[in-house]
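These notes concern the structure reproduced below.
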Amino acid sequence: MSGQKLITERKRTHRCGTLRAEHIGQEVVVMGWVQTYRDLGGAVFIDLRDRTGLVQVVFDAGVDEAIHAAADKVRNEWVIGVVGKVRSRGTNVNSKMPTGEIEILGAEIEIFNKAETPPFAIDDDVDTAEEKRLSHRYLDLRRPKIQQNLMLRSRLNHVVRRTLHELDFLELETPFMVKYTPGGARNFLVPSRLNPGNFYALAESPQLYKQLFMMAGFDRYFQITKCFRDEDLRQDRQPEFTQIDLEMSFADMDDVHQVMEKVIGNMFQEGIGVSLPAKFPKMSYDEAMRRFGSDKPDLRFGLEHVVLTEVVKAHPNGGLPLFEQAVAQGGMVKAMVVPAAHQLSRTEVDKLEPEAKGVGALGLGRAKIAEGGSWTQSPFAKTVSDGLRQAINEATGAKDGDIVLFQFGPAKLVHTVMNHLRLLLGKKLNLIPANQWAILWVVEFPLFEHDEKTNTYAAAHHPFTSPRPEDVDRLTTDPGACRAKAYDLVLNGNEIAGGSVRIHDPNVQQKVFQALGISPEEQRAKFGFLLDALAYGAPPHAGIAGGMDRISMLLTGATSLRDVIPFPKTQRGQDLMTSAPTPVSDRQLEELFIKSTPPKA
RNA sequence: GGGGUCGUAGUUCAGUUGGUUAGAAUGCCGGCCUGUCACGCCGGAGGUCGCGAGUUCGAGUCUCGUCGGCCCCGCCA
């Protein structure tokens, strides 16, 4: 009853979850793991599991005493093979199982392997601590839901490859071990034994290499590839992650958008049967910040922001000195209306204040609109002038019973806090509809970000991003006002792709470097090879990189990246199964000419 | 670097004001049972209360530290 005969001679004929009424009468060979066994004395029922699902096998003592005795010993998670005839369950159909119309009458059983009792049940319903799941990831990966996630991801990979091949893209590879360049995300470093004291960096992205492919004439490149960033982890951030990376020559922004719309559209259609619009709507960065305080707005619900800066300016001495002060200092004032219908209580509003403070706010201004448009439950109620109050009511559209939340101060902080509050209330008030997909391009990003402390500019995307043609002259006069030919793809409030048109004109590139304060020596040291390549005949080119993990997460309905990555790291970047990273021996370090000086415990 | 939260049986959790032998469900082991599919019934085993100090006559419970999981801010060109 045990051995390997089913493997060497009989071979598997079907996968468990695929059997249906049409197979009735056939003798089948199935193999898998024991999900559950139900021993009724004279009959043993076993639900056998493989990646396609479950099928019930019955071992009947009345039919075959010996096989029943063998099946009687089987336990959960044992790996077995079964030969038997598919038969109807008659009146005992289980409508909850896709295979519930049929069962296999076991005629032969082979036990490939016994199993220890698993530390947690292999079941989607079991709410096991993440720590336990990750330390026994090979068991966690047996759970049907995560298997379905990874099977969907496999299909998505296939769809991406097929779509891009159809569009004449070449799948080309780039190195993981690359030159270290400062700026941007922290790099993981790899010591070079052959070059003592020198290090490679693990690639943050294939960015420079894919541009070099364009300069080499490959015209259209793509790759589904790992990227590495040594930054802190989040629910939607892992230190190694997968990008759908592509680049195309003789292309402008719209060409990249069309390709990506096709790729994402096919992923939705073939992955989960959802049709997205052929073209995705566009929104400018400025509009996104103004209306939502975020460059990745979730358009599935309202609670839009209203900028009141101009309203405050138009009502000098309006009785809200804090608002006026913020405006006078170059800041902004924003409001958000929570309609009366949501019945947000005073206590609930009070609870928002610590939330706002948690993301940097000094406080949370609020007012409840009473009959006739007056304000109550508000620190501003007594001082605000009738004129300013009415103007704010009008600008925000706030009506009787509505609650208005305010923030004022530096624009960046106001946006951050109001965005946080909007997302928080969206969840709290159940405003986010299920099964809805809000996708859009966010375009016209600033080319540079200004650093207040050092009064310098940094590349908002990366230093090879092309400014809009009409902004090229401003590179030297007013860098802060330059807009980039850069774009992000946003789905339900998640950034799922980002890219840009690249600079192919060495003169423009020089101006950008100047604006960034990167000296010619520094340019050579960091990007010499790319500048050389630009000088040898670079085609106009543009590209984008999509976050495969995040896209998979959204399409599977998972709430964490860890549910679509087979072997993820914890928040501290550890692999609980292998316990990586670990110390290494002094001898290994010596060989690499490295000294390690971890802080003492 | 900072904030929040959690850690008790294999698992998920409960555990009162600090007070007898730390409980439940499920899983596991044994027995019975031929139509179960959350099978049922009977019986049994199973605990460094994350770890270390401290307070106390007495700590799962209070204090401090530490380790780890998760969420967030900073960070992620």
Side-chain angles (χ1 to χ4, degrees), chain A residues 35-48 54-63 65 68 72 75-77 87 89-97 99-100 103 105 116-123 125-136 139 181-187 204-205 207-208 227-239 241 354-361 413 416-417 420 423-424 445-449 451 457-465 484 486 495 498 500 512 516 518 526 547 559-560 562 569-572 574 576 579 601:
Chain A
Q35 179 70 33
T36 54
Y37 63 95
R38 295 176 293 280
D39 180 358
L40 275 68
V44 173
F45 295 93
I46 287 175
D47 289 343
L48 196 63
L54 298 172
V55 68
Q56 173 169 289
V57 188
V58 57
F59 298 93
D60 190 332
V63 176
E65 187 75 47
H68 172 263
D72 200 33
R75 290 295 178 268
N76 286 353
E77 297 308 313
R87 68 182 191 186
R89 287 216 212 168
T91 56
N92 295 314
V93 166
N94 183 345
S95 56
K96 286 181 231 160
M97 292 173 78
T99 61
E103 67 187 1
L105 178 61
E116 305 265 320
T117 304
F120 48 85
I122 312 301
D123 195 329
D125 297 334
V126 176
D127 187 20
T128 307
E130 196 108 23
E131 201 174 347
K132 299 266 180 349
R133 293 174 45 195
L134 290 177
S135 59
H136 298 273
L139 297 179
T181 50
R186 281 187 202 92
N187 291 105
E204 297 168 27
S205 77
Q207 182 61 39
L208 298 178
C227 301
F228 306 89
R229 294 181 188 174
D230 188 7
E231 295 293 347
D232 286 6
L233 284 72
R234 286 280 191 287
Q235 199 171 37
D236 61 349
R237 273 165 28 193
Q238 282 274 314
F241 60 99
E355 286 287 345
K357 285 182 174 171
V359 291
L413 181 61
T416 303
V417 174
H420 185 75
L423 295 176
L424 196 74
F445 279 80
L447 187 59
F448 304 110
E449 279 168 6
D451 187 327
Y457 287 96
H461 187 56
H462 60 60
F464 315 107
T465 302
E495 180 193 334
S500 63
V512 169
L516 290 169
I518 301 177
K526 288 182 186 171
T559 52
S560 166
R562 290 182 297 271
K569 307 278 191 288
T570 68
Q571 189 148 50
R572 289 183 67 246
Q574 296 189 346
L576 294 181
S579 77

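Naming convention: chains lettered A, B, ... in sequence-line order (proteins, then strands); numbering from 1 in each chain. Quantities reported herein were computed from a predicted structural model and do not represent experimental measurements.
Listed nucleotides: rC75(B), rC37(B), rC28(B). Nearest to the side chain of T117(A): rC28(B). Nearest to the side-chain atoms of T570(A) among the listed nucleotides rG74(B), rC37(B), rC70(B) stands rC70(B). Taking every side-chain heavy atom of N76(A) into account, rC28(B) is the closest of rC37(B), rC28(B), rG69(B). Nearest nucleotide to the side chain of E103(A), out of rG69(B), rU36(B), rC73(B): rU36(B). In the set rC28(B), rA38(B), rC76(B), rA38(B) carries the atom at the smallest distance from any side-chain atom of K96(A). If you check rU12(B), rG69(B), rC76(B) against the side chain of E131(A), the one that comes closest is rG69(B). Among the nucleotides rU36(B), rC75(B), rU12(B), the one closest to any side-chain atom of Q56(A) is rU36(B).
For R229(A) against rC76(B), no side-chain N or O and base N or O form a donor-acceptor pair under 3.5 Å. Not a single donor-acceptor contact under 3.5 angstrom links the side-chain atoms of D127(A) to the base of rU12(B). A donor-acceptor contact under 3.5 Å links the side chain of D39(A) to the base of rC33(B). For rG74(B), its base never sits under 3.5 Å from the side chain of R186(A) at any donor and acceptor pair. Residue side chain R234(A) reaches the base of rG74(B) through a donor-acceptor N/O pair under 3.5 Å, judged by distance alone. Scanning atom types as modelled, one donor and one acceptor separated by under 3.5 angstrom connect the side chain of R89(A) and the base of rC37(B). One cannot find a donor-acceptor pair under 3.5 Å joining the base of rC29(B) and the side-chain atoms of R75(A). Side-chain atoms of D232(A) and base atoms of rG74(B) include a donor and an acceptor less than 3.5 Å apart. On a pure distance criterion of 3.5 Å, no polar donor-acceptor pair joins the side chain of E130(A) and the base of rG68(B).
Within the 4.0 Å cut-off from OP1 or OP2 of rG69(B), not a single side-chain nitrogen or oxygen of K132(A) is found. Between Q235(A) and rC70(B) there is no side-chain N or O to OP1 or OP2 distance below 4.0 Å. Dashed line: the shortest gap from a side-chain N or O of R237(A) to OP1 or OP2 of rG74(B) is not under 4.0 Å.
Among the protein residues, A458(A) comes within range of no part of the nucleic acid, since none of its heavy atoms lies under 4.0 Å from any strand.
Ring-to-base geometry places F45(A) in a stacked arrangement with rU36(B) (centre distance under 5.5 Å, plane angle under 30°).
With a cut-off of 3.5 Å on both pairing distances, rU61(B) has no Watson-Crick or G-U wobble partner at all. Within the shown strands, nothing qualifies as a pairing partner of rU16(B) under the Watson-Crick or G-U definition with both distances less than 3.5 Å. In this structure, rC70(B) forms a base pair with rG4(B), meeting either the Watson-Crick or the G-U wobble geometry with both donor-acceptor distances under 3.5 Å. With a cut-off of 3.5 Å on both Watson-Crick or G-U wobble distances, the partner of rG40(B) is given as rC32(B). Remark: rA9(B) base-pairs with no nucleotide in the shown strands. Criterion, Watson-Crick or G-U wobble with two distances under 3.5 Å.
Counting to the nearest Å, the C1' atom of rU34(B) and the OH atom of Y37(A) are 17 Å from each other. Summarising the geometry, the separation between NE2 on H68(A) and P on rG35(B) is reported as 12 Å, rounded to the nearest angstrom. For R38(A) and rC32(B), the CZ to C1' distance is 18 Å, given to the nearest whole Å. Rounded to an integer number of Å, the gap from CG of D72(A) to C1' of rC33(B) is 11 Å. For the pair D236(A) CG and rC71(B) P, the computed distance is 10 Å after rounding to whole Å. Distance, H420(A) NE2 to rG74(B) P: 10 Å, rounded to whole Å. Distance CD (Q35(A)) to P (rC39(B)): 10 Å, rounded to an integer number of Å. One interatomic measurement links the two molecules: CG of L233(A) to P of rC72(B), which rounds to 11 Å at whole-angstrom precision.
Along RNA chain B, the nucleotide nearest P118(A) and the nucleotide nearest N94(A) are compared for position; the residue whose nucleotide lies closer to the 5' end is P118(A). Each of Q571(A) and A459(A) was matched to the nucleotide of RNA chain B holding its nearest heavy atom; the match closer to the 5' end belongs to Q571(A).
Remark: R38(A) engages D47(A) in a salt bridge, criterion side-chain N to carboxylate O under 4.0 Å.
Counting heavy atoms from C-beta on, the side chains of T91(A) and V93(A) never come closer than 4.5 Å. No side-chain heavy atom of T99(A) sits less than 4.5 Å from a side-chain heavy atom of Q56(A).
Separation of the P atoms belonging to rC28(B) and rU12(B) is 16 Å when rounded to the nearest angstrom.
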